[in-house]
Amino acid sequence: MNARPEAASQPIRLADYRAPAWRVERVELDFDLGIDATEVSAKLLLRRDPAQDEPLRLDGEELELLSIALDGQPLPASAYRHIPGGLEVDGARDGSVLETRVRLHPAANTALEGLYLSGPRESGFLLTQCEAQGFRHITWFPDRPDVQSIYTVTLRADRARFPVLLAGGNPDGAGELDGGRHWARFADPHPRPSYLFALVAGRLEKIERDYRTADGRDVQLKIWAEADAIGRCDYAMDALQRSMRWDEQAYGRNYDLDVFHVVATHDFNMGAMENKGLNIFNAKCLLADPDSSTDDEYRRVESVIAHEYFHNWSGNRVTCRDWFQLSLKEGFTVFRDQSFSADMNSAPLKRIEDVSLLRRAQFPEDAGPLAHPVRPAEYSEINNFYTATVYEKGAELVRMLAGRLGAAGFRRGTDLYFSRNDGRAATLEDFLAALGEANGIDLTPYLAWYGQAGTPRLKARGAYDAARREYVLTLSQHTPASHDQSRKQPLPIPVKLALFGADGRMLPLHLDGQAVGTEAVVVLDETEQDFVFRDVAEHPVPSLLRGFSAPVALECDYTPAELALLLTHDPDGFNRWEAGQQLALRAYDALRDGAGPRAVDTWCDALAGLFDDARLDAALLADLLTPPGEIELAERESTVDPARIHALRQQLQQQLATRIGGARLEARYRALAAQATAALDAASQASRRLKQRVLQLLALVDPAGASEHAAVQYRDAPGMTDRLGALAVLALHDATRSAGPLAHYRSRYANDPLALDKWFALQAQLPGEGALARVQALEADPAFTLKNPNRARAVLGTFASGNPTGFHRTDGASYRMYAERLLALDALNPQIAARLATVFNGWQRLEPQRREAARAALAGLAGRDGLSRNLTEILGNMLKA
Ligand code: B3K
Ligand code: ZN
């Protein structure tokens with residue numbers, strides 16, 4: 001058996017890419033499945049690139065080789081050799097057939113990569129995870145996405161223990177074997193890379209629907225889950241059908257197999273996986289019912305179902321040439337799922353949610369020691385590059401391109417991209433070329449966005465000349481240096497804008513001598529440019545970067561009154577919210593710097609003015625009433641004191657609540673509470689969202705009253721959103737009173753891991769001195785385990801990223817405890833350990849005492865022996881910058 005790969009292996013570079021010397025045209029896999037031991041036979045039909053003279057090298061890790069034969073002849077030991085991470089075989093020719101047999105140990109696989117067991121050994125089921133490089137944990141193979149093959153997969157197993165046998169592709173026979181065993185075969189007519197391989201075997205139940213594609217194919221949709229969860233799959237099935245219809249209409253993409261399987265597991269490293277014909281989901285992103293799922297979780301199920309389904313074209317039919325191109329499938333597919341969710345729900349709210357995520361997760365990444373371009377230039381462990389930059393910033397880049405081409409032009413472009421690259425492993429250049437060629441536009445300037453880390457700062461300055469009725473908007477850009485690049489080039493930045501008059505109405509725009517309506521897009525592609533608007537009747541207030549038209553940080557010298565005008569009048573829902581956020585930031589700065597109360601008042605007054613506006617969408621109001629989060633606030637400071645930021649933000653919200661007034665908050669809460677239902681329509685969800693926000697604000701001015709309401713709301717809640725919301729307010733404001741409900745929830749959901757995760761996360765977030773001890777008590781709960789990624793994330797991940805005051809103790813005790821857990825986790829599951837280590841991002845900007853404590857914890861961890869390549873890379877980057 002091969003040892004764990006060298007932690008300090010050489011980085012892989014995009015510049016070193018070479019086409020594969022050997023490809024696999026067809027592969028037949030035969031699995032003899034067992035919990036402790038599974039045997040895998042593989043038969044590969046090999047194709048050699050005549051232009052290259054490389055020996056046959058196959059990837060493989062931790063495989064126990066049982067036999068190997070070439071063209072029907074068993075190979076002598078001298079004819080093949082183990083090399084780091086692989087096997088080299090002599091004597092192969094173009095058209096040769098290589099047969100190997102290996103043994104795997106699924107129950108011992110705690111990394112959840114390759115073939116592993118989900119759940120207890122007596123009752124759990126077997127499944128696989130191959131992206132990015134899990135297939136090499138299953139068999140010897142050129143495990144790279146540009147090797148695409150036709151797969152036939154046969155599964156054999158004991159019928160009683162593994163009644164359900166699934167693999168990707170169309171069913172191609174099944175039957176009985178001696179000794180109570182059975183078999184099933186699957187054949188996939190579409191060539192695909194190894195990372196899309198999947199199998200599932202065990203005791204699962206299903207729900208089923210028939211679906212007819214727009215091009216007339218009858219497809220069986222099957223969602224599988226364990227018996228206790230199958231009743232919670234209907235919403236996912238509904239979302240799946242809507243996703244399929246949407247992709248037919250929005251992109252002209254039809255499904256291409258006779259069956260589509262989706263399987264739920266509680267043991268999964270990420271959200272879900274788009275394996276061809278057999279998507280596998282973290283139960284958290286698939287199961288939903290009103291009693292145990294919140295509204296946010298429903299929306300997450302909808303978007304992840306869509307995301308994985310959309311990958312069937314953006315990822316599977318057209319895949320990535322190499323892992324540097326990851327955003328080709330991920331950025332594009334996130335953009336596709338965002339557009340789907342915007343169509344299914346409220347588009348402005350979806351945009352607010354997506355931009356908030358970008359600012360919370362991607363901007364800090366782009367500004368810290370882990371910064372990398374959307375197309376990284378090198379990596380040591382590819383699993384560390386499934387980042388907010390590749391996903392979320394990547395989606396923003398596609399959105400910019402779509403905006404540049406317009407809806408019809410973008411569709412022409414994606415049609416060409418899909419048809420030209422179908423069955424191929426493509427690059428980001430291929431994507432831009434297809435979009436550009438279909439529209440006769442050269443998009444190559446946008447490639448620079450893919451190769452440059454860092455968030456561009458966009459500065460805007462306006463000057464009005466009343467005599468000439470001219471408004472000159474000066475835009476300039478600057479991208480700060482990142483650890484990997486000191487000099488940055490200017491990027492094309494599309495800025496969607498409108499101008500407002502003092503009465504709050506949009507002014508007609510005249511640009512380059514033409515009337516262009518009330519909204520225009522200007523593109524800044526140099527360091528600084530002037531844009532001249534003529535015939536402007538009054539000194540306007542500009543609304544810039546509408547809908548967040550580019551992933552940049554905008555700086556503009558608005559007065560608080562101008563922001564208040566946009567907050568009240570801008571019909572662009574996103575920019576309206578944004579004006580409120582900017583105003584909140586002004587208020588925050590004023591509090592921090594001890595400046596007079598004016599800025600705080602402007603924000604509070606504007607919101608108090610909107611509070612009873614019946615025309616305002618309830619969910620938008622809830623978002624307007626929420627100032628930027630602590631991570632975003634910390635991003636603006638050169639030296640970060642998390643406790644101070646927390647306290648100031650609390651103070652800001654307190655002032656808002658006071659300005660609105662306890663009586664109005666109380667009245668609004670009562671009115672919203674009177675309509676409580678578990679219904680899922682947009683209006684009911686919006687009203688729950690606002691109710692929660694109002695209750696939180698009420699708790700700041702009238703803790704006793706709010707806790708009274710929360711206790712009643714907990715008791716009578718018709719669904720999880722209300723139940724969990726009430727519990728959170730109680731736990732935060734009334735420790736004594738929350739004890740009963742917390743215990744009640746713990747026992748009510750004792751057998752529901754997803755609901756229990758929320759119980760853990762809620763408590764791991766509670767701020768203050770006692771936080772660390774509370775987290776340690778949670779770890780002592782019998783239901784806590786590091787082996788389950790959802791549980792580890794619920795407690796440790798939430799503590800580190802959702803509890804700034806508890807995690808960032810000045811004595812460093814939380815950092816030390818966390819580093820110890822990372823070490824333990826790394827021995828079990830390197831992907832999760834590395835991901836959870838990224839919460840230290842930004843540690844260099846902490847104030848000196850915390851910074852030294854964080855450095856010591858990180859350096860101590862980095863000095864330990866036997867760390868995985870995953871964790872080694874993250875710690876190395878974190879400490880070197
Ligand atoms: N493609 C997978 C992510 C795989 C992560 C591997 N470490 C899920 C998704 O983005 O759809
Ligand atoms: Zn994806």
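Atoms within each ligand, like the ligands themselves, are counted from 1 in listed order.
Side-chain rings of Phe385 and Phe324 stay apart, their centers remaining 6.0 Å or farther from each other. The aromatic ring centres of Phe260 and Tyr255 sit less than 6.0 Å apart.
Ligand 1 places these atoms under 4.0 Å from at least one heavy atom of Gln831: 7 (N). Residue Lys329 has at least one heavy-atom neighbour below 4.0 Å for each of these atoms of ligand 1: 1 (N). Of all atoms in ligand 1, numbered sequentially from 1 with element shown, those under 4.0 Å from a heavy atom of Met273 are 1 (N), 2 (C). Ligand 1 places these atoms under 4.0 Å from at least one heavy atom of Glu274: 1 (N), 2 (C), 8 (C), 9 (C), 11 (O). For ligand 1 and His311, the ligand atoms under 4.0 Å from any heavy atom of the residue are 9 (C), 10 (O), 11 (O).
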inquiry  = Assess the residue pair Trp224 and Phe125 against the criterion (ring pair (Phe, Tyr, Trp, His ring centres under 6.0 Å)); give the C-alpha distance rounded to whole Å, side-chain angles, the decisive distance to 0.1 Å, and a yes or no.
reply    = CA-CA 12 Å; Trp224 302 82; Phe125 64 96; over 10 Å; no
request  = Test Ser314 against Thr333 for side-chain hydrogen bond (donor to acceptor under 3.5 Å, both in side chains), laying out the working first.
outcome  = CA-CA 6 Å; Ser314 49; Thr333 305; 2.8 Å; yes
key: Intermediate values then yes/no, ring pair (Phe, Tyr, Trp, His ring centres under 6.0 Å), Phe135 and Tyr195   = CA-CA 6 Å; Phe135 197 64; Tyr195 79 86; over 10 Å; no
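Protein heavy atom in closest approach to atom 11 (O) of ligand 1: Glu308 OE1, 2.8 Å. Nearest protein heavy-atom contact of atom 8 (C) of ligand 1 is Ala272 O, 2.9 Å. Atom 5 (C) of ligand 1 has its closest protein heavy atom at Met270 SD, 3.3 Å. The nearest heavy-atom contact from the protein to atom 7 (N) of ligand 1 is Asn383 OD1, 2.7 Å. Protein heavy atom at the shortest distance from atom 10 (O) of ligand 1 is Tyr391 OH, 2.5 Å.
Between the side chains of Tyr309 and Glu274, no donor-acceptor pair of N or O atoms lies under 3.5 Å.
To the nearest 10 degrees, the angle centred on the Zn ion (ligand 2) between NE2 in His307 and OE1 in Glu330 reads 110°.
Around atom 2 (C) of ligand 1, the closest heavy atom drawn from His307, Gln133, Glu113, Glu131 belongs to Glu131.
Of the residues listed (Asp188, Leu278, Asn275, Val153), the one engaging Phe197 in a side chain to side chain contact (heavy atoms under 4.5 Å, CB included) is Val153, and it is the only one.
Note on ring orientation: taking the six-membered ring where Trp is involved, the planes of Phe332 and Tyr417 are perpendicular (angle over 60°, cut-offs 30° and 60°).
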